[in-house]
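Reading through the structure tokens given below for one structure.
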Protein chains: 2
Amino acid sequence: MPDAAIGLNAVIVAVTEEVPRILTVRRELAAGGPAEDALPFGPLEPETDRTLDRGLRRWVREQTGLDLGYVEQLYTFGDRNRDPRESHGGPRLVSVAYLALVREVSVSGEARWRDWYEFFPWEDWRDGHPAILDRLAPALDSWVAAAPNPRSRQERRERAEIVFGLGGVAWDGERVLERYELLYEAGLVPEARRDRIERGEADRLPPEDAEPLPARAMALDHRRILATALGRLRGKLKYRPVVFELLPPTFTLLQLQRVVEALAGVRLHKQNFRRLVETGGLVEGTGRQDAQTGGRPAELFVFRREVLRERPAPGVGLPGLRRP
Amino acid sequence: MPDAAIGLNAVIVAVTEEVPRILTVRRELAAGGPAEDALPFGPLEPETDRTLDRGLRRWVREQTGLDLGYVEQLYTFGDRNRDPRESHGGPRLVSVAYLALVREVSVSGEARWRDWYEFFPWEDWRDGHPAILDRLAPALDSWVAAAPNPRSRQERRERAEIVFGLGGVAWDGERVLERYELLYEAGLVPEARRDRIERGEADRLPPEDAEPLPARAMALDHRRILATALGRLRGKLKYRPVVFELLPPTFTLLQLQRVVEALAGVRLHKQNFRRLVETGGLVEGTGRQDAQTGGRPAELFVFRREVLRERPAPGVGLPGLRRP
DNA sequence: CTCGATATGCTCAAGATGAGCATAGGAGAT
DNA sequence: ATCTCCTATGCTCATCTTGAGCATATCGAG
């Protein structure tokens, strides 16, 4: 069986000040090339790492000083030429990506936190319809129109409508990856051009955009990995009590709501949210009050672990977030 | 970056006669050892396989003659010593497992179809509470009692109750993997003994069960992979129209219901199921009728693709299957 | 033509959801 | 002191969804 190299990628998420953040590093991938944002990554040491996630925790600690708590495997990326160094004799690189949720934000080394909506501005609907979608829509239309034949045009149209919620289709917050992949295929993200050039496919380049999208790109396929993470987390939120990994042990209901909103990218009805988490048994009051920030003091709550015994799939699967 | 070998595993699912089946092969893993059921697996060819799932499709075709349609990545298994050959100088083997859904059942080669509930008899609740659970419950109690300290005992009890729905906790059909892993840890499946012996940990063996569970074991960690697949499929059913991958293009509502029940492992209320899929826009009548099997003829339905435009997460997320 | 079997239509109580109104209890300004 | 602004918290209500059942339709077999 021929060999390949196994890499491990980490999407490390924290939420502070109502901003969901991910930990990034700066990397020069092409030696001497431009530095780009990248997800932290490291190798699996086949000899010493007993499991994949132990390997991950090991080098995350080494690189950033962070001790990961909640960790979950996301997806394994193995397309050829994910890393351009492969085409110059490097080994086939297969990367197993993980999602980690943390509370702390102090990191050491070259790591820094970034608002994940800088990478996906179209995903944040908390202030209503994101303005960037008005710029994307016509670009998507051109992509549809540029299809080589009517059948393919029809497919493109349907796909664009479904994933971007156009033409009356409802927006589905979980389709983060599908949206990114469509933009990539349509040549609307810089990675599309860059990858083609790096692979020597300088023919068939998408037209360089006069005015590039106001979104941050990433090295390699890391924005794809990040999109996978965001989509997965949005889904998981609804049926597993993962938000609490991102919150201090004690919090107010509004703090909880703000974190959920930050991840889900939508605003929620306050009273209904409260009803959901309280009558759903997800939290319990401590009797203590918040050293608040203006307004009537709020009660402090804690996560109620017993809910795991009471309900099969406890989460904040609430109004406007529900599945069907 | 040190090298490792990448394997690909396929959990290939079909449903016929209300039985969910998976494709297995017989393998002698220890040369000269006993033949065991295994999932089909093959290597990734780093040079020729452009993507992981292409590699998978390639060797599944080679090994079984099957052309896969719907394929979805499941999970990547990378613990050390998954394959005992590693401890004899073999390379670290990391396997990417895939779930595939097919309609056909004719296979060539050494492959054969097996009822997946032979591997997990406790997962089939279609005829009510599975009898095997009455045998498992006391064995789980012993495992809880055997905890080294009160704290660990409490944790074991809570875990057993949650995953097996004991002590008033509701049964959650999706926790297939958690149940299998608990049984493994508790030494209640033959793989637990076998793996310890193969790793030379012949001390600390779980006691050999006088009367082994009436369930089929698998080679390596393949039953774990299978459990992952079953759990994932049960979950996905509820919010993506994947059942239709397992059905002929045209089907009656009862056929559809039977397939869903076979996968979910529970019986559903017929009229409500019908209401759900019809008013939910998942299917549409063809006007034609079934060459039926006794009783009033049933209308033939087809999957209604337009539902993808109308609802964000269409699936059979119905009564008794819902998340919260 | 009656029975057995399945299909299909319809009802209804209970619960969940979506949206809003009203009141409580703090801090800082006047 | 009291006014104002702000957030917390309690409560209501119309509407939709769910869970469960009854009733009727339409076939084949005896």
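For residues 255-265 of chain A, the pairs satisfying side-chain hydrogen bond (donor to acceptor under 3.5 Å, both in side chains) are A/Gln257-A/Glu261, A/Arg258-A/Glu261, A/Glu261-A/Arg267, with sequence neighbours left out.
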Using atom names, set out every protein N or O paired with an N or O of nucleotides 27-30 of chain D below 3.5 Å, distance rounded to 0.1 Å.
none

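Per the geometry, CD belonging to A/Glu299 stands 18 Å off P belonging to C/dA24, to the nearest Å. For the pair A/Phe273 CZ and C/dT17 C1', the interatomic distance rounds to 15 Å; values are reported in whole Å. In this entry the distance linking CZ of B/Arg274 with P of D/dC22 reads 18 Å, nearest Å. The distance from atom CG of B/Leu276 to atom P of D/dC16 is 17 Å, rounded to the nearest whole Å. Atom-to-atom, CZ of B/Phe251 to P of C/dA7 comes out at 14 Å; the value is rounded to the nearest Å. The CG-P distance, from B/Leu256 to C/dA7, rounds to 12 Å in whole Å. Per the geometry, CG belonging to B/Asn272 stands 15 Å off P belonging to C/dA7, to the nearest Å. Between the C1' atom of D/dT7 and the CG atom of A/Leu300 lies a distance of 14 Å, rounded to the nearest Å.
A salt bridge does not link A/Glu18 with A/Arg126: none of the charged nitrogens is closer than 4.0 Å to a carboxylate oxygen. In summary, A/Glu174 and A/Lys238 engage in a salt bridge, as defined by a charged side-chain N under 4.0 Å from a carboxylate O. Ionic pairing of B/Arg304 and B/Glu310 is present here: one or more N-O contacts between side-chain nitrogen and carboxylate oxygen are shorter than 4.0 angstrom.
Listed for the B/Arg232 side chain is a donor-acceptor partner under 3.5 Å among the backbone atoms of B/Leu74. Judged by distance alone, the side chain of A/Arg234 and the main-chain N or O of A/Gly173 form a donor-acceptor pair under 3.5 Å.
Comparing B/Lys270 and B/Arg275 by the nucleotide of DNA chain C that holds the closest heavy atom to each, the one mapping nearer the 5' end is B/Lys270. Taking the nucleotide of DNA chain D with the nearest heavy atom to each of B/Gln271 and A/Leu253, the more 5' of the two is matched to A/Leu253.
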